Amino acid sequence: MREGTATLIRREDYTAPAYWIKTVDLTFDLDPIKTLVINRMQVERNTALPVQPLKLHGEDIMLTRVLVNNESVSFRHEDGMLVIDNLPEGLFQLEIRNTCCPEKNTQLSGLYTSGGGFFTQCEAEGFRRITYFLDRPDVMAVYTVTLRAAKTQYPVLLSNGNLVEQGDMMTGVYGPRHFAKWHDPFPKPSYLFALVAADLVAREQHIRTRSGKDHLLQVYVRRGDLEKTEHAMNSLVASVVWDEARFKLPLDLERFMIVAVGDFNMGAMENKGLNIFNTKFVLANPATATDVDYAGIESVVGHEYFHNWTGNRITCRDWFQLSLKEGLTVFRDQEFSMDMAGTATARAVKRIEDVRQLRQLQFPEDAGAMAHPVRPDSYVEINNFYTATVYEKGAEVVRMMQTLVGNHQSDPLGREGFARGITLYFSRFDGQAVTCDDFAQAIADANPQSELAKQLPQFKRWYAQAGTPRVSARGRYDAPSRTYTLGIEQTALPSPGQPAKQAYVIPLAMGLIGRDGQALPLQLEGEAQPVGTERVLVLNEARSFFTFVNVDVEPVPSLLRGFSAPVVLADHLADADLLTLLQHDTDPFNRWEAGQRLALNRLLAAVKDEAPLQLDDAFIGAMRTLLHHPELDAAFKELALTPPSEAYVAEQLSAVDPQRIHQAREAMLLQLAQALRDDWVWAFESHQVKGGYSPDPVSSGRRALANLALTMLCRDAIARGDVVWPGRAYERFKDAGNMTDRLGALTALTHSHAELAELALQRFHMLFKDEALVIDKWFALQATTPEKDGQVFARAKQLLKHRDFSLKNPNRARSLIAALCMNNPAAFHRNDAAGYVFWADRIIELDSINPQLAARLARVMDRWSQLAEPYRSGAGEALKRVAAKPDLSSDVAEIVTRALQQEST
Ligand code: BES
Ligand code: ZN
């Protein structure tokens, strides 16, 4: 697939480019089979380095001509690069002509076709698949782009920046042609280049920023999808307003465009002024999109928009610094969604969802074959390092910085200090390509008195060390002296290439709670008076002690509030303490966490002791109280009443038996369904949402709880042989006024293995056969149904042959393959290894079509060495078979090689 052989790229080998490219003038003659690219660059040698040849990246393209200052020159190909010697001193013009074949580009990196149009994806190294270039983020140039194409097929011609000229051309053999010329005044790295040529329509809106400037916002989609763009546009407007309000970062472009495309490897891409989105994160109406989809659109639109400053105005010096833009921008989109949510509980719900995601994806990554620091030290394929660690853990590192620039008196959360840091960051580095060190230094320098500034070098170990730190806390109350002492230890396990770790700086937000629930004043030894009822302790050694004085009663500690650091906490709390926190903690995150811990303890006991799970009255009573709680939000209740996922339970164990975990969790769900039957009826009936659809947190929380209740009621009914609730679920499925409720009812039927599920699935397909994103849901739902007697796996295999299935469309491929292999452990991990055979077959097939996507799906095997037998052996065989595929892409090779290296560890 790729030219050249797989080599390891190391962070410490970074050198500045030997040449700078100042301007690029690109002309495209767009044709699906053979597109002609004329690339005229103004190039200048980097005089800081010794004289050397110019080496340009290029991949899967046909070179037709090379001119320097309009004269032909000699060149050679070396290690997959185009090498030109003996170049003039000073500024010179380099003209390259080449062709490429968008239609054959099934990798969806570079220039490709989708739904009859042309689209690009250049991050991280896709621009070299369009033309020869210094395809690295520290080479920033000003682009002018001319697009020429058939006018009837491709009426819309877009690129970055501003439209400077457009018009008709002479009619070609295939009919009339036209052109458009775009100019982007901001110097940018090649990965931010984009073009679109397609038959699209746009929703438009004007917006005025604080300075009084008017801007045009556009959301481009295929004809017929226009009525599904309102939410994306609203989200874009909200993003523009938010970034200016919270960080004083205004929209810097006259025109900002979003384009939706049906074939896309990722979620979305932040190309300057021309974001390209997977349709999944643009299109929504109440009939086709769920509340979760609406929330996803808001956060992805926000994320890509926020990159306009964090990523585009200031970009990465090299790809090892990826978290500089991604970790920071995920932090920003999380904060945006929280601010949009409004109330304290709605914010907490978002935080809980983000932490759940981190634990489900990043913690396993940090403990498995692909463990790497937030700023990796080496890679083979940079695409494999767009990971949960770089993104989600990177966002946590930024969040900790915000916490550590806070001060109790005037800025407890650190928001103001952090915003000051962002302002300094832009005043120092606007227009440059920089490093994570530069970022951290700016945040610290803007807050010289802060804990962050005082401990910056040690804090930066979060960027350098892989693995999730463990924090172990024990409290001791001394009644005679009325003191409470917390002893806290931190440890970090070895990870690949990092046998020993050094202590981190860990902000630990905490409070102390009395038995009857009151928050106790916090006064540390040596302090004149208490400092509120919540504070941030800063751990920076292997072992720390904190003594609180004037503590009247033995407290329950509430530690790591709001999940103030990405660590695993062992607080050694007994059930009674957890029940106290569940009932009384003022921190909603820890309240949720207490409930999860109670459930987790029970699941782990059942799995480890091989004893059937039997829920106790205390647990059931606590869950019932929670469900009926008059002050808690429905969204929060839904999260608190959902037991930890099978994947999260697996993470707590060293020899994982996915079947046993599945049995224990299924038993827990059934017992919760049975014991709380009347309560679920109440929950279902009292959380119906009346009136028109709105995806706001209150309505979507009510729908989520009602749908959970319905699933529980169906589970209980099926176990009893009762047909009433499945019947009601079917009626609701048929009559639902929105996709959230329709899919909720369908899920209740499929997850309880009701007979009516078949009929409902058929009907669902018929209703939505022309809605690709809904058909994705149809596949995913079937592939994620809780396994029962191997039926779910058998059906997934059958679905491979369905006429609507295709591996070529990433959303569709994920809807079946990722859904089964990543989100349905009990269907995937079979003792006959058939799941692993299925996995290997698909990875091998997909590797020849789309190696990036194949490598992502290959990641399910990261943790194979933790599996118990016979799973472990079966998984190992499958990995070896994939590794042995001739012409295996370097993308997949890196993943399976690293996995197989786990064998010995
Ligand atoms: N820059 C990325 C898109 C990207 C990732 C391009 C990897 C090429 C390779 C974009 O900003 C991004 O992070 N998108 C996320 C969604 C986001 C909300 C976290 C994605 O596509 O999953
Ligand atoms: Zn991003």
Side-chain angles (χ1 to χ4, degrees), residues 107-110 112 119-129 135 137 188-194 232 235-236 239 243 258-261 263-282 292-316 319 321-337 340 350 353-354 357-358 361-362 374 376 379 381-396 398 810-811 814 818 822 850-857 859 891:
Q107 297 187 27
L108 312 183
S109 161
Y112 63 93
F119 300 85
T120 54
Q121 170 55 41
C122 293
E123 191 179 359
E125 298 179 337
F127 192 71
R128 63 187 66 182
R129 297 170 53 78
D135 192 11
K188 65 169 174 286
S190 51
Y191 82 87
L192 290 174
F193 164 81
S235 302
L236 180 56
S239 304
D243 215 10
I258 287 180
V259 177
V261 60
D263 298 279
F264 199 71
N265 279 344
M266 303 291 295
M269 176 64 208
E270 71 265 26
N271 318 299
K272 186 82 187 180
L274 179 56
N275 289 359
I276 298 185
F277 272 58
N278 189 322
T279 44
K280 179 174 163 54
F281 292 113
V282 175
V292 173
D293 295 327
Y294 274 82
I297 289 169
E298 182 181 270
S299 82
V300 179
V301 167
H303 179 97
E304 305 312 336
Y305 176 75
F306 303 143
H307 269 314
N308 189 46
W309 283 92
T310 52
N312 300 4
R313 287 287 287 254
I314 302 184
T315 195
C316 304
W319 290 122
Q321 318 298 327
L322 182 57
S323 201
L324 173 81
K325 74 177 179 79
E326 294 301 349
L328 174 56
T329 305
V330 170
F331 168 78
R332 276 153 53 70
D333 82 53
Q334 291 176 346
E335 290 289 290
F336 167 62
S337 294
M340 293 292 288
K350 167 67 177 157
E353 287 165 352
D354 290 340
Q357 166 97 344
L358 180 84
L361 291 173
Q362 199 279 325
V374 169
Y379 60 77
E381 259 309 325
I382 183 55
N383 285 316
N384 288 332
F385 285 81
Y386 285 75
T387 59
T389 298
V390 168
Y391 275 65
E392 268 81 33
K393 187 178 181 178
E396 294 302 323
V398 175
N811 287 357
R814 282 187 281 255
M822 296 181 156
N850 187 336
Q852 251 186 68
L853 183 60
R856 285 193 173 260
L857 298 178
R859 297 278 319 266
D891 307 61

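Atoms within a ligand are numbered from 1 in the order they appear, just like the ligands themselves. Every value quoted in this text rests on a predicted model; they were computed, and no experiment measured them.
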Would a distance-only check, ignoring hydrogens and angles, find a side-chain to backbone donor-acceptor pair under 3.5 Å from Asn275 to Ile258?
-> no

Is it the side chain, the backbone, both or neither of His303 that has a heavy atom closer than 4.0 Å to ligand 1?
-> side chain

Please say whether Val330 places an N or O atom under 3.5 Å from an N or O atom belonging to ligand 1.
-> no

Shortest non-hydrogen pair, Lys280 vs Ile297, comes out as O-CG1, 4.0 Å

Can you label the angle between the Tyr112 ring and the Phe119 ring as parallel, tilted or perpendicular, going by 30° and 60°?
-> tilted

Give the intermediate values and the outcome of side chain to side chain donor-acceptor pair (under 3.5 Å) for residues Ser109 and Gln121.
-> CA-CA 5 Å; Ser109 161; Gln121 170 55 41; over 6 Å; no

Specify the protein heavy atom at minimum distance from atom 3 (C) of ligand 1: its residue, its atom name, and the distance to 0.1 Å.
-> Ala268 O, 3.1 Å

Spatial distance of atom CG (Asn312) from atom CD (Glu304) [nearest 0.5 Å] = 9.5 Å

Where ligand 1 meets His307 - atom numbers and elements under 4.0 angstrom, heavy-atom basis = 11 (O)

Are any of the N/O atoms in Ser299 less than 3.5 Å from those in ligand 1?
-> no

Can you check whether Tyr386 has an N/O within less than 3.5 Å of an N/O in ligand 1?
-> no

Interfacing atoms of ligand 1 (cut-off 4.0 Å, heavy-atom, Gln121) = 6 (C), 8 (C)

To the nearest 0.5 Å, atom CD of Gln852 lies from atom CG of Leu108 at 8.5 Å

Indicate yes or no for a side-chain donor-acceptor contact from Asn278 to the backbone of Met266 under 3.5 Å, with no hydrogens or angles considered.
-> yes

Pull out every atom of ligand 1 sitting under 4.0 Å from any heavy atom of Lys325, numbered as shown with elements.
-> 1 (N)

Restricting to heavy atoms, the pick from Glu326, Glu304, Met269, Lys280 nearest atom 14 (N) of ligand 1 would be Glu304

Can you check whether Glu270 has an N/O within less than 3.5 Å of an N/O in ligand 1?
-> yes

Gln852 near ligand 1 by a heavy-atom separation under 4.0 Å = no

Protein heavy-atom partner closest to atom 13 (O) of ligand 1 - residue, atom, separation in Å | Tyr391 OH, 2.6 Å

Would you call the rings of Tyr391 and Tyr386 parallel, tilted or perpendicular, where under 30° means parallel and over 60° means perpendicular?
-> tilted

Ser299 and Ser337: side chain to side chain donor-acceptor pair (under 3.5 Å), yes or no, with the steps?
-> CA-CA 6 Å; Ser299 82; Ser337 294; 4.8 Å; no

Do you know which of Lys272, Glu326, Arg313 makes side-chain hydrogen bond (donor to acceptor under 3.5 Å, both in side chains) with His307?
-> Glu326

Could you tell me which N, O or S atom of Glu326 is nearest to the Zn ion (ligand 2)?
-> OE1

Out of Gly311, Gly267, Ser109, Ala124, whose heavy atom is nearest to atom 21 (O) of ligand 1?
-> Gly267

For ligand 1, is any non-hydrogen atom under 4.0 Å from Glu123's backbone (N, CA, C, O), its side chain (CB onward), both, or neither?
-> both

Can you tell me, to 10 degrees, how wide the angle at the Zn ion (ligand 2) is between NE2 on His307 and NE2 on His303?
-> 90°

